[in-house]
Amino acid sequence: RKACRTYLSPGQLERVGFSARYQRIFPEPCCPDTFSIQTAFEHPTCEGDSNGMVRILSSNGFGDQQYSWSNAGDSTIIEGLPAGQYIAIVTDQLGCTVSDTVMLVGPPRPNVQLKDTIIRNCLSDTISYPELMLVDSNWSAIWVTEAGLMLDPDSVKGSSMMAGNYKVILVDTLTGCRSEDSIRIID
């Protein structure tokens, strides 16, 4: 920030030395200590997603302000962001600047791996339901048939499934982060 100080220029109201010259004191533009920036942000839903957002609000700057971001943005908000570091710089009409840095982080996706194809037992005409081991209690599993019908996970755990295509979607109930895989059960 520029420091506030004054300097002498022609036309001042005080007398300089013994001559009859007068000079005027002009204050040099300075940056107020109250010029500040506040940030609000939303992390990406999952790692690899580009749906994060950062918004800035500056206060006590002089006149119009210009916004500059490390990703080449030039407004008070940048959206569609992946995880990473973002630096905002605000410059007012006097050339005073304030800046802030935000680190966006996307939570990791779960690793869902099911066998691509499972062959049904011809004798019983059914198979055992594929079991999912969820490490984090925030994750829930949604099973979907090829017709788009969601299966109740509690009603199918440990039971049997008919031939067809199935998709399992894991959802973090806190962040909305999703991951999915599919299997095909054939006769």
Side-chain angles (χ1 to χ4, degrees), residues 36-59 65-90 98-187:
S36 64
I37 184 172
Q38 295 176 334
T39 56
F41 56 90
E42 293 177 13
H43 293 287
T45 308
C46 287
E47 66 182 351
D49 287 351
S50 293
N51 59 357
M53 178 276 305
V54 182
R55 176 180 291 130
I56 55 175
L57 175 65
S58 61
S59 57
Q65 295 163 19
Q66 295 180 348
Y67 305 94
S68 175
W69 292 89
S70 55
N71 72 338
D74 62 358
S75 66
T76 59
I77 186 170
I78 51 175
E79 300 175 289
L81 303 175
Q85 177 176 296
Y86 298 90
I87 301 169
I89 301 172
V90 180
V98 290
S99 65
D100 198 4
T101 301
V102 173
M103 179 63 77
L104 297 182
V105 180
R109 293 183 188 276
N111 187 6
V112 182
Q113 292 182 350
L114 301 172
K115 290 184 179 179
D116 291 335
T117 304
I118 298 176
I119 300 175
R120 271 194 325 179
N121 181 336
C122 295
L123 297 176
S124 67
D125 200 33
T126 59
I127 64 157
S128 295
Y129 182 79
E131 291 290 331
L132 282 177
M133 298 298 288
L134 300 177
V135 177
D136 193 329
S137 62
N138 296 331
W139 290 96
S140 64
I142 301 170
W143 287 88
V144 182
T145 67
E146 62 188 326
L149 300 173
M150 286 193 282
L151 303 175
D152 178 8
D154 293 331
S155 68
V156 291
K157 280 185 181 172
S159 68
S160 301
M161 296 173 73
M162 301 301 292
N165 294 315
Y166 297 88
K167 179 174 24 174
V168 64
I169 304 169
L170 294 185
V171 180
D172 184 327
T173 57
L174 297 177
T175 66
C177 185
R178 301 168 64 101
S179 187
E180 64 182 64
D181 197 4
S182 58
I183 61 170
R184 182 171 184 202
I185 299 172
I186 59 173
D187 290 328

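Just so it is clear, the values below take in all heavy atoms, side chains as well, and ignore hydrogens, waters and symmetry mates.
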Student check: side-chain heavy atoms of I56 and V90 closer than 4.5 Å: yes
Value rounded to 0.5 Å, distance of CD in E42 from CG in L104: 10.0 Å
Exam field: side chain W69 to backbone S75, donor-acceptor pair closer than 3.5 Å: yes
side-chain contact (heavy atoms from CB on, under 4.5 Å) between V54 and L81, worked out: CA-CA 8 Å; V54 182; L81 303 175; 3.9 Å; yes
Within 6.0 angstrom of E47 CD, more than 12 heavy atoms from elsewhere: yes
Rounded distance (nearest 0.5 Å) linking atom CG of L170 with atom CD of E180: 9.5 Å
Atom pair CD/CE of Q85 and M103 - distance to nearest 0.5 Å: 4.5 Å
Side-chain touch S59/S36, heavy atoms, less than 4.5 angstrom: yes
Pairwise side-chain contact, T145 with Y166, heavy-atom cut-off 4.5 Å (strictly under): yes
Considering all heavy atoms, the nearest D49-P44 contact: O-CB, 3.7 Å
Nearest non-hydrogen partners of V105 and H43, listed with the distance: N-ND1, 2.9 Å
Residues in side-chain hydrogen bond (donor to acceptor under 3.5 Å, both in side chains) contact with S68, at least two apart in sequence or another chain: none
Donor-acceptor contact present, side-chain N51 to main-chain T45, <3.5 Å: yes
Heavy-atom pair with the smallest gap, counting every atom of C46 and R178: SG-N, 3.3 Å
Reported CE-to-CZ distance for the pair M53 and F41, which is rounded to 0.5 angstrom: 9.5 Å
Rounded distance (nearest 0.5 Å) linking atom CD of E79 with atom CZ of R55: 7.5 Å
Pairwise distance CG(D100) to CD1(I37) - rounded to 0.5 angstrom: 5.5 Å
Contact summary for S50 and P82, nearest pair of heavy atoms: OG-CB, 3.7 Å
